[in-house]
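Worksheet: the structure to be examined is printed underneath.
On a predicted model such as this, the values are computed, not experimentally measured, just so you know. The first residue in the sequence is number 1, and the count goes up from there.
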Amino acid sequence: METGGLPLELWRVILAYLHLPDLGRCSLVCRAWYELILSLDSTRWRQLCLGCTECRHPNWPNQPDVEPESWREAFKQHYLASKTWAKNALDLESSICFSLFRRKKERRTLSVGPGHEFDSLGSALAMASLYDRIVLFPGVYEEQGEIILKVPVEIVGQGKLGEVVLLASIDQHCSTTRVCNLVFMPAWFSPIMYKTTSGHIQFDNCNFENGHIQVHGPGTCQVKFCTFKNTHVFLHNVPLCMLENCEFVGSENNSVTVEGHPSADKNWAYKYLLGLIKASPIFLPAEDNDFLMSLDLESQDQAWSPRTCDIVIEGSQSPTSPVSSSPKPGSKEGEVGSDGERVAQTPDSSDGGLSPSGEDEDDEQLTYRLSYQVQGPRPVLGGSFLGPPLPGASIQLPSCLVLNSLHQELQKDKEAMALASSVQGCLIRKCLFRDGKGGVFVCSYGRAKMEGNVFRNLTYAVRCIHNSKIVMLRNDIYRCRASGIFLRLEGGGLIAGNNIYHNAEAGVDIRKKSNPLILCNQIHHGLRSGIVVLGNGKGVIRNNQIFSNKEAGIYILYHGNPIVSGNHIFKGRAAGIAVNENGKGLITENVIRENQWGGVDIRRGGVPILRSNLICFGYSDGVVVGDEGRGLIEGNTIYANKGCGVWMMSSSLPHVSSNHVSYNGLYGVAVFSQKDGEFPGGHGAQENFSEDGDAILWETELEKEDDPLRRPVTVALVESNSINHNGASGIFVQSSEALQVTANVIHANGDRGVTIVQSSQLTRVANNSISCNRQSGVKVEFQCKVELRGNGIYDNRGHGIITKGDGTAVVENDIIGNRGSGLQLLPRSDTKVLKNRIHSFRAYGIAVRGRVKALVQENIIFQGKTNKTIFQQITNNRECIMQNNKFLVFKKKSDTWRLVNPPARPHLENSLRGSSAAHSGHKVAAMATRITARVEGGYHSNRSIFCTIL
C-alpha cells in the first residue's frame with residue numbers, strides 16, 4: 001500500500017476524522033485503502049454508530065454491554081433499514097409515467113418550534129409536499145385535533161431523545177411515513193397515538209407512553225430502538241411487521257397483540273421488509289453444542305454371560321460356587337428362619353452362587369448338579385446399564401438417547417426447518433418485555449415470530465389462542481407470575497431453543513387441542529411444572545432439557561395427549577413425568593433421572609404409552625402406577641433408583657412389558673393394595689393442577705378417541721421383563737386383585753425372586769425364569785391364591801418354592817439346582833404339585849413341614865446328594881397325597897437322561913404375544929436339555945409316598 005511512508009496507525013488516526021461520505025469515497029480508491037477503512041471497525045465505525053441520534057447500541061436493550069461482531073456491519077444494517085420508508089419514492093420515479101417527464105425534485109426541510117418557520121406540527125403538514133422532512137426542535141407540542149397524514153413525510157426530533165415531546169393522535173392515510181427521535185404521548189381526546197390502515201410506518205428511536213398504536217392490514221410497520229411504556233401495540237391482519245431492539249415496560253394489558261390471519265393484500269413495503277429480514281443475521285444456529293449438558297452417566301456395555309452348571313464332585317471348584325464352597329469349621333453359611341427359609345449370611349455375588357445350606361456336609365460325598373444355562377436378555381439400550389452403578393462415575397448414553405443440537409433437529413425435521421425459516425405476520429426480534437402484565441398475545445389465526453427476546457417479570461410472556469401460530473427461537477422467559485408460554489384453542493407453532501425458568505406456573509402450558517412443536521428448550525427451576533398438557537392438548541415435546549422444577553417436569557392430565565420423546569428430565573423435586581386424570585401420551589426414548597419422586601408417575605385413569613426410556617438414579621421409585629393408573633410400560637431401562645423399579649397399586653391395570661429393571665434399591669416390581677400415601681416412603685398423590693376454575697370444567701370438553709396403540713387390559717400384566725440385581729425381591733405382590741406375571745427373567749435379586757404375601761384373587765406366575773436370587777425363588781404366604789406354571793426356577797440360594805398359600809397350584813415347573821429344598825410346603829398350606837421336574841442341590845426335592853393339604857402327582861424328582869432322601873415329611877399327614885411320581889436316583893455314570901419332552905422351561909416362544917413378541921430375540925435363552933445322571937426309579941402306586949420311603 002502506498003501510504004507516503006506513514007505508518008498504518010497514523011493513517012487510522014487521520015481517517016478517524018472523516019465523515020461517512022468521505023469514508024465511502026476513500027474505500028473506493030484501491031483495495032489497500034478499502035482494507036484500511038475496514039480496519040477502523042472498533043474506532044471510527046464505532047463512533048459513527050453510537051453517535052447517530054437515530055439509533056442506539058446494536059445490542060440494546062438486552063445486552064448493551066456486549067459489543068457486536070462488527071460495528072461497521074451494525075451501522076450498515078441500521079442505515080439500510082432507515083431508508084426503507086422512502087423506497088416507495090424510487091418506485092414512483094422509475095415508473096413508466098414518470099420516465100418521460102423525469103425531474104429531480106429536492107426534498108424540503110420544514111422547521112417547527114419557537115422562532116422557526118412553523119409553530120405546530122399540523123401547520124407544517126399543511127404545507128408539506130411528498131417526502132419532505134419536518135424537524136421538530138426541542139419542546140412540547142400538543143395537537144388539539146386529530147392529524148391526518150395525506151402525503152409521505154419524515155418527522156424528526158432535533159436534539160437528544162426526550163427533548164421533543166409530541167401529544168397527538170395521528171391517522172396515516174398516505175403510503176409511507178417515518179418518525180424518528182420523538183417522545184409520543186396521547187392527546188387529551190383519544191388514547192390512540194398513531195394509526196394506519198394501508199400504508200407503511202417506520203419508527204426509529206422513539207418513546208411511546210400510555211397510549212395505543214394500531215396497524216391494520218395491508219398496512220405494515222417497522223419499529224426499531226423504541227421504548228413503549230404502558231403502551232399497547234395492536235396489529236390486525238398485518239402481512240408483515242418488524243419490531244426490533246425495542247423495550248416494552250409496565251403494560252397494564254398485552255404489550256403487543258397480533259390478531260387475524262395475515263392479509264392477502266400487501267402494500268408496496270412488503271417486499272422490502274421481506275428482503276431486509278432475509279439480509280439480516282438469522283438466529284438459526286450453525287451448531288450449538290453448548291446447549292448439551294454433560295451427564296454423569298457412563299456406559300458399561302457388557303453382554304450377559306451364560307452360566308452353565310455341570311455335574312461335579314463336591315470339593316472341586318464349581319462355576320457357580322465361590323472360591324471355597326465348604327464352610328470353615330465353626331462357621332455357619334446360613335440360618336433357618338421360622339418358616340424354614342434359608343437366609344444367606346455370606347457376601348453377595350452377582351450370580352447368586354453361594355450355598356445357603358446350613359447342614360454339615362461330607363467332602364467325600366457326591367453332589368450332583370444338572371446341566372443348564374441361565375442367560376438374561378440383552379437390554380433395550382444395547383447393553384448399557386448391566387453392571388452395578390459406580391459412585392461418582394459418569395455415564396455415556398447410547399446414541400439414541402443423546403441430546404441433539406437445535407441445528408441437528410432442524411436438519412432432520414424439514415417441517416420444523418420450514419417453520420423456523422418462515423416469516424409471516426409479525427416479527428419481534430431482540431426486544432425486552434418487562435415489569436408488566438402480558439408480553440405478546442396472538443389470537444384469531446394470527447401469526448408471529450419471536451427471536452432473541454427477553455421476557456421477565458410479567459404475568460405471562462406469550463399467549464397463543466384460536467388457531468394462531470407462533471415461532472419462538474432463542475428467547476429468555478423468566479420470573480413470570482403465571483405460565484411462561486400459554487397455548488389454547490388449537491394454538492400451535494414452533495417453540496425451539498428457548499431458556500424458560502423461574503416461572504410461578506408451568507414453563508409451557510398447552511390446552512384445548514393446541515398442538516405445538518417444543519424443541520431443544522431448557523425449562524428449569526419452575527415453581528410448578530416444566531410443561532403442562534391438559535384439556536385435549538397435544539403437541540410434540542422433543543429433545544428438551546427439563547430440570548429442577550418444583551413439580552413434575554412434564555404433567556399430562558385431562559385427556560392431554562402429547563408425544564414426548566428424546567428429552568432429558570432430571571433433578572426435579574417431584575416426578576419426572578406425571579400422567580394423571582385420564583391423561584395419555586406417547587412417552588419414548590427420554591432420559592429421566594435423579595428426580596425426587598417417581599421417574600414416571602401414573603394415577604387416576606392415566607393411560608400413557610411409556611416406551612424405550614431410561615429411568616435411572618431416582619431418589620424414589622422408577623415408575624409409579626397409582627390408584628386406577630393404566631397404560632403400556634414397554635421396553636424401558638429402569639436402573640439404580642433408590643426405591644422400587646416399578647411400584648403399582650393393585651387397583652391399577654398397567655401392562656408392564658419387555659423392560660430392563662435392575663439395580664434398584666428395593667423391589668424390582670412391587671404391587672400393593674394400600675391406598676396412596678400408606679406405603680412407607682410417601683407415595684402420595686401429586687398435587688392437583690388447577691387454573692382458571694375447577695377441574696370439572698375440563699371434563700365437559702373432553703373428546704373421545706380410539707387409540708389403536710392402546711389395547712384394553714382387564715388385568716394387571718407383568719410380562720417379558722428382565723428383573724435383576726434389585727435390592728429386595730424381584731417381584732413383590734401384596735394385592736387384592738388379579739395379576740399375571742408372565743415370561744419374565746427374574747435374576748440375582750437381593751431377596752427372593754417372587755414374593756407373594758397377599759393375593760385374595762388369583763395371581764398367575766407363568767413361564768418365568770427365576771434364577772440366582774439371594775434367597776428362595778418363590779415364596780407364597782398364607783391365604784394367597786397363586787398359580788405357578790411353566791416356570792424355570794434355577795440356582796437360587798434358598799429353596800426353589802416355599803408356600804403356605806391357600807389354593808396354590810404348582811404345575812409343570814422346572815425347579816432345579818436350588819440350594820435349599822426344591823419345594824417346601826409349610827403348615828396350613830393347600831397346594832397342588834403337578835407335573836414338575838424337581839431337583840435340590842444339597843437338600844430335599846420336596847420337604848413337608850407340619851400338617852399340610854397337598855396333592856403331589858406326576859412329578860419327576862431328582863436326587864441331589866448321595867446321603868439325602870428325595871422327600872421329607874415331618875409328621876404323618878394323610879392329607880398329603882402323592883401319586884404317580886417318578887424318582888431318579890443316581891447310580892452309575894453311564895446312565896443318561898435327556899429333557900426332550902418337553903425341553904427345559906420356561907417356553908417363552910409360546911407366551912410372548914403382541915408387542916412383546918418383537919423382543920423375543922432378546923429374552924432368556926432356552927435351557928440346556930441334557931441332564932447326565934445315574935438313573936434308578938419308576939412310578940409308584942397310589943399309596944402315600946411317606947409309607948413307601950419307610
Side-chain angles (χ1 to χ4, degrees), residues 377 379-380 385 575-579 587 590 592-593 595 597-603 606-674 676 679-681 683 713 715-735 737 739-747 749-756 763 765 768 916 919:
V380 176
F385 311 104
I577 299 177
V579 186
I587 303 169
N590 302 281
I592 305 169
R593 61 184 179 94
N595 296 287
W597 290 15
V600 178
D601 192 299
I602 306 168
R603 298 174 190 264
V607 55
I609 296 174
L610 186 67
R611 179 177 290 150
S612 301
N613 301 279
L614 170 60
I615 304 170
C616 61
F617 300 111
Y619 295 101
S620 184
D621 305 316
V623 178
V624 175
V625 187
D627 190 23
E628 297 181 6
R630 294 176 291 161
L632 173 62
I633 304 169
E634 180 183 50
N636 304 282
T637 294
I638 305 171
Y639 176 81
N641 298 284
K642 290 189 176 181
C644 305
V646 179
W647 184 95
M648 55 187 184
M649 292 281 294
S650 62
S651 58
S652 61
L653 293 174
H655 182 175
V656 183
S657 174
S658 305
N659 301 283
H660 187 81
V661 185
S662 62
Y663 292 100
N664 298 286
L666 297 177
Y667 308 110
V669 177
V671 184
F672 287 91
S673 59
Q674 288 99 331
D676 288 353
F679 180 74
H683 294 270
V713 177
V715 63
L717 180 60
V718 180
E719 174 188 54
S720 305
N721 303 281
S722 173
I723 304 170
N724 62 85
H725 296 93
N726 297 288
S729 296
I731 296 179
F732 183 90
V733 180
Q734 182 181 331
S735 173
E737 298 184 15
L739 173 68
Q740 288 193 25
V741 180
T742 305
N744 301 282
V745 177
I746 305 170
H747 176 81
N749 294 286
D751 202 324
R752 308 172 190 94
V754 178
T755 301
I756 303 172
T763 296
V765 182
N768 301 281
S916 301
H919 300 274

- Go through the steps for Arg752 and Ile731 under the test side chain to side chain contact (heavy atoms under 4.5 Å, CB included), then give the verdict. CA-CA 8 Å; Arg752 308 172 190 94; Ile731 296 179; over 6 Å; no
Within a strict 4.5 Å, meaning less than it, do heavy atoms of the [X] and [Y] side chains meet?
| X | Y | value |
| --- | --- | --- |
| Arg611 | Leu632 | yes |
| Trp647 | Tyr667 | no |
| Leu739 | Val718 | yes |
| Val765 | Ile756 | yes |
| Arg603 | Val624 | yes |

Give the minimum heavy-atom separation between [X] and [Y], together with the two atoms involved.
| X | Y | answer |
| --- | --- | --- |
| Ile602 | Arg630 | CG2-O, 3.5 Å |
| Gly668 | Val661 | O-CG1, 3.4 Å |
| Val671 | Ser735 | CG1-CB, 4.0 Å |
| Thr755 | Ser729 | OG1-OG, 2.8 Å |

Do [X] side-chain atoms and [Y] backbone N/O form a donor-acceptor pair below 3.5 Å?
| X | Y | value |
| --- | --- | --- |
| Asn744 | Ser720 | yes |
| Asn659 | Gly635 | yes |
| Asn641 | Ile615 | yes |
| Asn721 | His660 | no |

- Would you please test Glu719 and His655 for side chain to side chain donor-acceptor pair (under 3.5 Å) and show each step? CA-CA 8 Å; Glu719 174 188 54; His655 182 175; 2.8 Å; yes
Could you grab the distance from atom [atom1] of [X] to atom [atom2] of [Y], nearest 0.5 Å is fine?
| X | Y | atom1 | atom2 | answer |
| --- | --- | --- | --- | --- |
| Asn590 | Asn613 | CG | CG | 4.5 Å |
| Cys616 | Arg593 | SG | CZ | 7.0 Å |
| Ile633 | Leu717 | CD1 | CG | 11.0 Å |
| Ser612 | Asn636 | OG | CG | 6.5 Å |
| Ile638 | Cys644 | CD1 | SG | 11.0 Å |

- Message: Under the criterion side chain to side chain contact (heavy atoms under 4.5 Å, CB included), I'd like the reasoning laid out for Glu737 against Val715: C-alpha separation, chi angles, the key distance, then a yes or no.
- Response: CA-CA 8 Å; Glu737 298 184 15; Val715 63; over 6 Å; no
- Applying side-chain hydrogen bond (donor to acceptor under 3.5 Å, both in side chains), name anything that partners Asn726, two or more places apart in sequence or on another chain. Asn664, Asn749
- Note on the structure: Residue set satisfying side-chain hydrogen bond (donor to acceptor under 3.5 Å, both in side chains) with Thr763, at least two apart, ordered chain then number -> Ser759
- Message: What verdict does the side chain to side chain contact (heavy atoms under 4.5 Å, CB included) test give for Tyr639 and Phe617, after you've listed the backbone C-alpha separation in whole Å, the side-chain angles of each residue and the deciding distance to 0.1 Å?
- Response: CA-CA 7 Å; Tyr639 176 81; Phe617 300 111; 3.9 Å; yes
- Using the side chain to side chain contact (heavy atoms under 4.5 Å, CB included) rule, take Val579 and Ile587 through it: C-alpha gap first, then chi angles, then the decisive distance, then the call. CA-CA 10 Å; Val579 186; Ile587 303 169; 4.1 Å; yes
- Task: Quick one: sort the His725 and His747 rings into parallel, tilted or perpendicular, breaks at 30° and 60°.
- Result: perpendicular
